[in-house]
Peer 1: 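This is the structure I have questions about; it appears just below.
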2 protein chains.
Amino acid sequence: MQTTFSAPSRPAITEAVLDEPSSNRLAEVFAALSDPVRLRLFSLIAARPEGACACEMVGPVNRSQPTVSHHLKALEAAGLLSRERRGRWIWYQVDRSGLRDAASLLDCC
Amino acid sequence: MQTTFSAPSRPAITEAVLDEPSSNRLAEVFAALSDPVRLRLFSLIAARPEGACACEMVGPVNRSQPTVSHHLKALEAAGLLSRERRGRWIWYQVDRSGLRDAASLLDCC
DNA sequence: AGTATATATTGATATCTATCAATATGAAGG
DNA sequence: CCTTCATATTGATAGATATCAATATATACT
């Protein structure tokens with residue numbers, strides 16, 4: 001079970017030096033957010049509490065369908081999105097737990 | 001002037017879709033944090049309020065001196081570190097304003 | 001079954017990046 | 001000036017990645 005008020009899962013980056021496993025994991029999350037197209041896709045989905053359909057995203061980011069598919073897969077693999085099929089469509093939602101580590105790391109600012 | 005309690009400089013990612021310039025800028029910050037070695041370097045510096053000397057960092061990250069120099073340059077270029085020469089040594093400190101945009105983006109979690 | 005639509009995979013390519021050895025620069029001290 | 005020490009730059013290379021066209025898969029509808 002997971003309460004709404006759970007503490008940050010990592011100390012802020014000013015509090016302790018990252019060990020190697022933590023660096024590796026966090027680098028994955030940041031890598032997923034390190035491409036402008038992926039950031040924009042993530043943003044398009046995050047801005048909607050109900051999530052968004054992959055079919056709506058080719059236009060806004062101005063990339064081919066395979067490229068969009070590739071990026072969405074990367075975001076999901078990093079634990080930043082969850083995927084659900086609804087008939088012919090795939091719906092994505094932000095996975096907030098995936099973001100939490102990265103966010104708590106930067107909490108010092 | 002900049003108060004200690006200044007508001008986040010960007011809305012959280014759940015509040016508004018990122019425009020292209022914002023995506024580009026933020027992707028740069030995340031890209032700087034997307035390598036495990038760079039994250040660890042950043043962490044080594046961030047953990048010390050007085051900053052850290054480049055000369056102390058080759059050992060902990062287990063990379064050659066040119067590689068460390070290369071990564072520190074990348075972190076500085078992304079606006080995440082400030083640099084100061086002291087005699088033969090270069091001292092780095094975290095530039096918190098550089099982090100603030102990225103942090104506020106993830107504030108939703 | 002056959003067609004249309006949404007998404008994924010494959011294969012190819014151009015660009016980027018992490019890394020190191022070798023070398024250069026720059027500062028301090030004799 | 002010459003040497004030493006700290007850092008930066010250059011040049012090379014192996015591996016990653018962003019992209020698309022072509023094709024495959026999966027679902028829905030008739």
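Numbered from 1 within each chain, the chains take letters A, B, ... in sequence-line order.
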Peer 1: Could you check A:Ala31 against A:Arg86 and say which one's nearest nucleotide on DNA chain D is further toward the 5' end?
Peer 2: A:Ala31

Peer 1: Would you say B:Glu20 has more than 12 foreign heavy atoms packed within less than 6.0 Å of its CD?
Peer 2: no

Peer 1: Counting heavy atoms from C-beta on, name the nucleotide in D:dT27, D:dA21, C:dA18 closest to the side chain of B:His71.
Peer 2: C:dA18

Peer 1: Is the side chain of A:Arg40 donor-acceptor paired with the backbone N or O of B:Leu18 at a distance under 3.5 Å, no angle test?
Peer 2: yes

Peer 1: Assign B:Val37 to base, sugar-phosphate, or nothing according to its heavy-atom contacts below 4.0 angstrom with the strands shown.
Peer 2: sugar-phosphate

Peer 1: Between B:Glu15 (side chain) and A:Ala47 (backbone), is there a donor-acceptor pair under 3.5 Å?
Peer 2: no

Peer 1: Quick one: A:Phe30 CZ to C:dA18 P, roughly how many Å, whole number?
Peer 2: 15 Å

Peer 1: Taking CG from A:Leu75 and P from D:dT17, how many angstroms apart are they, rounded to a whole number?
Peer 2: 13 Å

Peer 1: Report the nucleotide, chosen from D:dT27, C:dG29, C:dA18, that has the shortest atom-to-atom distance to any side-chain atom of B:His70.
Peer 2: C:dA18

Peer 1: Using atom CZ of A:Arg38 as one end and atom C1' of D:dA16 as the other, report the distance to the nearest whole Å.
Peer 2: 12 Å

Peer 1: Expressed in angstrom and rounded to an integer, what is the separation of A:Arg83 atom CZ from D:dA26 atom P?
Peer 2: 12 Å

Peer 1: NZ of A:Lys73 versus P of D:dA18: gap in Å, rounded?
Peer 2: 14 Å

Peer 1: Which nucleotide wins on minimum distance to the side chain of A:Thr67, given the candidates C:dT19, D:dT19, D:dA8?
Peer 2: D:dT19

Peer 1: Taking only the side-chain nitrogens and oxygens of B:Ser64, find out if one of them lies under 4.0 Å from OP1 or OP2 of C:dC20.
Peer 2: yes

Peer 1: Taking CZ from A:Arg88 and C1' from C:dA6, how many angstroms apart are they, rounded to a whole number?
Peer 2: 7 Å

Peer 1: Looking at C:dT19, D:dC20, C:dA6, which one has an atom nearest to any side-chain atom of A:Trp89?
Peer 2: C:dA6

Peer 1: Find the distance B:Asp35:CG to D:dT17:P and express it as a whole number of Å.
Peer 2: 11 Å

Peer 1: Between D:dT19, C:dA8, C:dT19, which nucleotide gets closest to the side-chain atoms of A:Ile90?
Peer 2: C:dA8

Peer 1: For B:Asn24, does the CG atom have more than 12 heavy-atom neighbours from other residues, nucleotides or ligands under 6.0 Å away?
Peer 2: yes

Peer 1: Of all the choices, D:dT19, D:dA22, D:dT27, which nucleotide is nearest to the side chain of A:Arg85 once you look at every atom?
Peer 2: D:dT27

Peer 1: Expressed in angstrom and rounded to an integer, what is the separation of A:Glu28 atom CD from D:dT17 atom C1'?
Peer 2: 15 Å

Peer 1: Salt-bridged, B:Arg25 to B:Glu28, with N to O below 4.0 Å?
Peer 2: yes

Peer 1: Check this for me: does the side-chain of A:Gln65 come within 3.5 Å of the base of C:dA6 through a donor and an acceptor?
Peer 2: no

Peer 1: Looking at D:dT9, D:dA22, D:dT7, which one has an atom nearest to any side-chain atom of B:Ala54?
Peer 2: D:dT7

